[in-house]
There are 2 protein chains.
Amino acid sequence: MYPIPNRRSPCSIVNRHYQPCYEVAARYPGPQFYTCSYCGRFLTRTYISESGAIHCRTHVVFTDGACLNNGQANPSAGWGIATGASTSQCYVSPFDCSFGQRTNQRAELTGAYEGMIRGLRDMKKSCPHYEQLHTDNGDRMELLLVTDSEYVTKAMTEWLPKWKANDMKTSSGQTPANLDIISHFDDRVEFLKKQDVHVGFMHVLRHRNELADKLAKRAAEVDRKLMHGVSRDNAFDKVIASSPDLAVSDFTSTFERLPNSR
Amino acid sequence: MYPIPNRRSPCSIVNRHYQPCYEVAARYPGPQFYTCSYCGRFLTRTYISESGAIHCRTHVVFTDGACLNNGQANPSAGWGIATGASTSQCYVSPFDCSFGQRTNQRAELTGAYEGMIRGLRDMKKSCPHYEQLHTDNGDRMELLLVTDSEYVTKAMTEWLPKWKANDMKTSSGQTPANLDIISHFDDRVEFLKKQDVHVGFMHVLRHRNELADKLAKRAAEVDRKLMHGVSRDNAFDKVIASSPDLAVSDFTSTFERLPNSR
RNA sequence: CGACACCGCAUUUA
DNA sequence: TAAATGCGGTGTCG
């Protein structure tokens, strides 16, 4: 499918997929998620150097979307992401109406997109342990977006290339849904790649994504309150009270300039 | 397409199609399905007599087939039919391997066929209301097979006559699929017609065939269990538990003598 | 190309 | 229990 890296390959994201180092995978089966004990950021064990030391370079962001009353009347939606273990590394946001229709899929896509934007911002902060960035391979940066949505992962890695080669039609001849978000997302990933920032996607089952799941649900509840006319401050009250240093993303400003959003 | 009956025609099945009485159709738009409040059998409002009374004579059987993993490895299939509203008027059966390849189309065809066989049996029972058969036109009997499979309906009414006139080839020159079932089915319909038992076909969309749909799905699940080596009693357990008086047809014995079955 | 089925997967909910 | 959001496929015919 995608090239098998060298045993000590310093790269773990290849063609938008996470490709663990051969030696690390042999020692630690399963997803190679790792929490930096100094800064709390989520990382992967990327490779093992000659000395035997584990080098962590790929940053991980857990992302999720939620949509209360999905498919019914009066849906409300939001997303939650976690770049690290502390609440200041968690972000929640309800949807803005400018995103158009609220559905679970649009919430999931937006969650992953915002995970990329804010994850990139966080990974540029230095860690007190290393007193440098967690990247130890020059300017190259790697960001792994974890989601429990197969839809997001496959859309961004498998389906969109096929749709492009098929006159932007799905296998059943329909125009793919949510192309506004997906295309914008795709453009951004390509743009970052040119700057040596490599974004990958990984699908996990829901119970492996608990933190982001809870954050997203809170965000959707805030959205519901806002739609019921509750003032913004009051709507966010419970979220802030339960996690005082939670980074509440007021609205997803990054996305407000999304063209053709509807 | 097919002849328009007299306004008070006592016949509603013409040339394998259901042809509602003009006056009934004017009064009750849509499919003329009707549940006898005494025996629970499904009927159609066939015609309105001089006195204004609605006469119900055509018996209706809802039929469906299901095939889990259709077109994939390890398919399992079954059919479900309903001649009336009570569970004792519902039948389910998993497929026997003697039916050859398990596909959705073979399941649909077999469901319709078995609907004819068992529907005919049930319609010969008297109704406590009429204290006679629901047929009030001498020996003539009418049985309408309802299916959500356009394939079944068209094969039995449109396509087979064309294939016969075309050296048993489809319009693309191929030999039609599932001819073993279709020909046997056709023979049976013709045979019954000579005994003044008229069988018709009606296509409805899937959501109008919910009962048979669920029965067929259960049957396919039983088939899956049997193929996984579950004992027959255990395989049927859940089906029987949820509907104690459900008429479980062990295997479709009517069909076992089907020639060239494969 | 169209139509009707039959599914499979993951998620979001009520 | 049951429904919606979305994708992928096969079975079949015209």
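Residue numbering restarts at 1 for every chain, and letters A, B, ... go by the order of the sequence lines. Reckoned from all heavy atoms, side chains included, excluding hydrogens, waters and symmetry mates.
Rounded to the nearest 0.5 angstrom, A:Gln105 CD and A:Thr110 OG1 are separated by 11.0 Å.
With sequence neighbours left out, A:Lys193 forms a salt bridge (charged side-chain N to carboxylate O under 4.0 Å, His left out) with no residue at all.
At least one side-chain nitrogen or oxygen of B:Arg206 sits closer than 4.0 Å to the OP1 or OP2 atom of C:C6. The side chain of B:Lys154 places no N or O atom within less than 4.0 Å of a non-bridging phosphate oxygen (OP1 or OP2) of D:dT12.
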Pair A:Ser149, A:Thr147 - check side-chain hydrogen bond (donor to acceptor under 3.5 Å, both in side chains), show working. CA-CA 5 Å; A:Ser149 168; A:Thr147 173; 4.6 Å; no
If you apply the rule salt bridge (Lys or Arg N to Asp or Glu O under 4.0 Å), what do you find for B:Glu158 with B:Arg16, and how did you get there? CA-CA 10 Å; B:Glu158 290 180 29; B:Arg16 300 194 182 180; over 6 Å; no
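Under 3.5 Å, the side chains of B:Glu114 and B:Thr63 contain no donor-acceptor pair of N or O atoms. Side-chain atoms of A:Tyr151 and A:Asn104 form no donor-acceptor pair, as typed in the model, at a separation below 3.5 Å.
Note: CZ (B:Phe95) to P (C:C6) measures 13 Å, nearest angstrom. Regarding B:Glu108, its CD atom lies at a distance of 14 Å from the C1' atom of D:dT10, rounded to whole Å. One interatomic measurement links the two molecules: CG of B:Asn166 to P of D:dC13, which rounds to 13 Å at whole-angstrom precision. The CG-P distance, from A:Asp223 to C:U12, rounds to 16 Å in whole Å. The CZ-C1' distance, from A:Arg208 to C:A10, rounds to 16 Å in whole Å. If you take CH2 of A:Trp79 and C1' of C:U13, they are 21 Å apart, rounded to a whole angstrom. Separating the CG atom of B:Leu160 from the P atom of D:dC13 is a distance of 12 Å, rounded to the nearest angstrom. The distance from atom CG of A:Leu215 to atom P of C:U12 is 13 Å, rounded to the nearest whole Å.
Note on A:Gly173: nothing from the nucleic acid sits closer than 4.0 angstrom, heavy atoms only. Within 4.0 Å of B:Asp64, counting heavy atoms only, lie sugar-phosphate atoms of the nucleic acid but no base atom. Residue contacts shown for A:Asp213 are limited to sugar-phosphate atoms, with no base heavy atom under 4.0 Å away.
Here B:Asp186 pairs with B:Lys164 in a salt bridge; the nearest charged N to carboxylate O distance falls below 4.0 Å.
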Just by protein heavy atoms under 4.0 Å, how would nucleotides 2-9 of chain D read 5' to 3' in B, S and -? --BBBSSB
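For B:Phe62 and B:Phe33, the ring centers sit closer than 6.0 Å to each other.
Using the six-membered ring where Trp is involved, B:Tyr113 and B:His184 have ring planes that are tilted, between 30° and 60° apart.
Comparing the axis of the opening five pairs of the helix from C:C1-D:dG14 to C:A14-D:dT1 with that of the closing five pairs yields an angle of 20°, rounded to 10°.
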